Amino acid sequence: QVQLVESGGGLVQAGGSLRLSCAASGRTFASSAMGWFRQAPGKEREFAAAISWAGRVADYPDSVKGRFTISRDNAKNTVYLQMNDLKPEDTAVYYCAARDNGNIATMSTSYPHWGQGTQVTVSS
């Protein structure tokens, strides 16, 4: 089992930056691909970033590519999402998620383990 706790959300002006962290507990973190998803009010949860178990492979949707960077520190059981040049449309609750294998995936249904989410609000 993997338990996930996100932190680092907050209120930021457009053009600003935030770094989200996701602390994981459980013995399987180092072998698990990790993902970040987000959900804005009235919208479906959408993929934001994913990283393979060793951190060698990452993927992003076009909407955040070049602005967001996912990384992980397996020694600290933590995955990060660095978000730069934030836009009002990035406003959402951001969720950390873990797979039961090491390969990245972009669909939320591929992730059985989820954190409680952290709010990110970008003002214009």
Side-chain angles (χ1 to χ4, degrees):
Q1 279 285 26
V2 177
Q3 293 182 325
L4 306 171
V5 179
E6 302 97 333
S7 61
L11 174 64
V12 63
Q13 288 188 332
S17 298
L18 281 175
R19 188 175 82 153
L20 306 183
S21 299
C22 173
S25 62
R27 297 179 298 167
T28 61
F29 175 81
S31 62
S32 301
M34 301 295 295
W36 286 97
F37 291 78
R38 64 186 185 181
Q39 188 166 18
K43 295 188 177 181
E44 292 187 353
R45 191 169 297 188
E46 64 175 11
F47 169 67
I51 191 166
S52 62
W53 70 275
R56 294 192 181 99
V57 180
D59 195 14
Y60 308 90
D62 288 343
S63 58
V64 309
K65 199 170 290 184
R67 300 188 298 120
F68 289 12
T69 303
I70 188 171
S71 61
R72 66 189 297 161
D73 185 337
N74 285 349
K76 296 182 178 179
N77 277 16
T78 302
V79 63
Y80 305 97
L81 185 66
Q82 178 67 43
M83 305 184 295
N84 299 328
D85 189 23
L86 282 162
K87 304 176 180 181
E89 51 264 42
D90 295 317
T91 295
V93 177
Y94 283 71
Y95 296 90
C96 173
R99 299 200 73 196
D100 284 335
N101 65 60
N103 301 316
I104 63 172
T106 62
M107 295 183 64
S108 61
T109 51
S110 298
Y111 293 81
H113 310 287
W114 291 82
Q116 82 289 349
T118 186
Q119 176 70 47
V120 171
T121 303
V122 184
S123 63
S124 57

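Everything numeric in this text was worked out from a predicted model, so none of it was measured.
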Next on the checklist: Among L81, I70, T69, exactly one meets side chain to side chain contact (heavy atoms under 4.5 Å, CB included) together with I51. Which residue is that?
Outcome noted: I70
Checklist entry - For K76, does the NZ atom have more than 12 heavy-atom neighbours from other residues, nucleotides or ligands under 6.0 Å away? => result no
Next on the checklist: Does Q116, at its CD atom, have more than 12 non-hydrogen atoms belonging to other residues, nucleotides or ligands within less than 6.0 Å?
Outcome noted: yes
Checklist entry - Closest heavy-atom contact between N103 and A33? => result O-CB, 3.3 Å
Checklist entry - With the 4.5 Å side-chain cut-off for hydrophobic clustering, are W53 and V79 part of the same group? => result no
Checklist outcome for this item: In this structure, CE of M34 is separated from OG of S71 (nearest 0.5 Å) by 11.5 Å
Next on the checklist: side-chain contact (heavy atoms from CB on, under 4.5 Å) for W114 and C96? Distances and angles first, verdict last.
Outcome noted: CA-CA 6 Å; W114 291 82; C96 173; over 6 Å; no
Next on the checklist: Starting from V93, can I reach V122 by hopping between I/L/V/M/F/W/Y residues whose side chains sit under 4.5 Å apart?
Outcome noted: no
Next on the checklist: Would you compute the distance between atom OG of S7 and atom OH of Y94 and round it to the nearest 0.5 angstrom?
Outcome noted: 15.0 Å
Checklist entry - Would you say the side chain of T91 lies within less than 4.5 Å of the side chain of Q119, judging by non-hydrogen atoms? => result yes
Item to check | For A50 against A105, the heavy-atom pair lying closest together | outcome: CB-O, 3.7 Å
Next on the checklist: I'd like to know if Y80 and F68 are part of one continuous hydrophobic network [Ile/Leu/Val/Met/Phe/Trp/Tyr, side-chain heavy atoms within less than 4.5 Å].
Outcome noted: no
Next on the checklist: Return the CD1 to OG distance between I104 and S52, rounded to the nearest 0.5 Å.
Outcome noted: 6.5 Å
Checklist entry - Any side-chain heavy atom of D100 within less than 4.5 Å of one from H113? => result yes
Item to check | Under-4.0 Å salt bridge between K87 and D90 | outcome: no
Next on the checklist: Main chain of R99, side chain of S32: is a donor-acceptor contact present, judged purely on distance under 3.5 Å?
Outcome noted: yes
Next on the checklist: Donor-acceptor pair, distance only, cut-off 3.5 Å: does the side chain of R19 make one with the backbone of G8?
Outcome noted: no
Item to check | Whether over 12 other heavy atoms sit under 6.0 Å from E89 CD | outcome: yes
Checklist entry - On the ring face of Y60, is R67 found with NZ or CZ under 6.0 Å from the centre and within 45° of the axis? => result no
Item to check | E6 (side chain) donor-acceptor with T118 (main chain) under 3.5 angstrom | outcome: no
Checklist entry - S63 versus R38: any side-chain heavy-atom pair under 4.5 Å? => result yes
Checklist entry - Sequence neighbours excluded, which residues qualify as ring-ring contact (aromatic ring centres under 6.0 Å, His included) partners of Y111? => result F37
Checklist entry - Given side chains that start at C-beta, do those of L4 and Y95 come closer than 4.5 Å, heavy atoms only? => result no
Checklist entry - To the nearest 0.5 Å, what is the distance between CZ (R45) and OG1 (T109)? => result 11.5 Å
Checklist entry - What pair of heavy atoms forms the shortest contact from S124 to A14, and how long is it? => result CA-CB, 4.3 Å
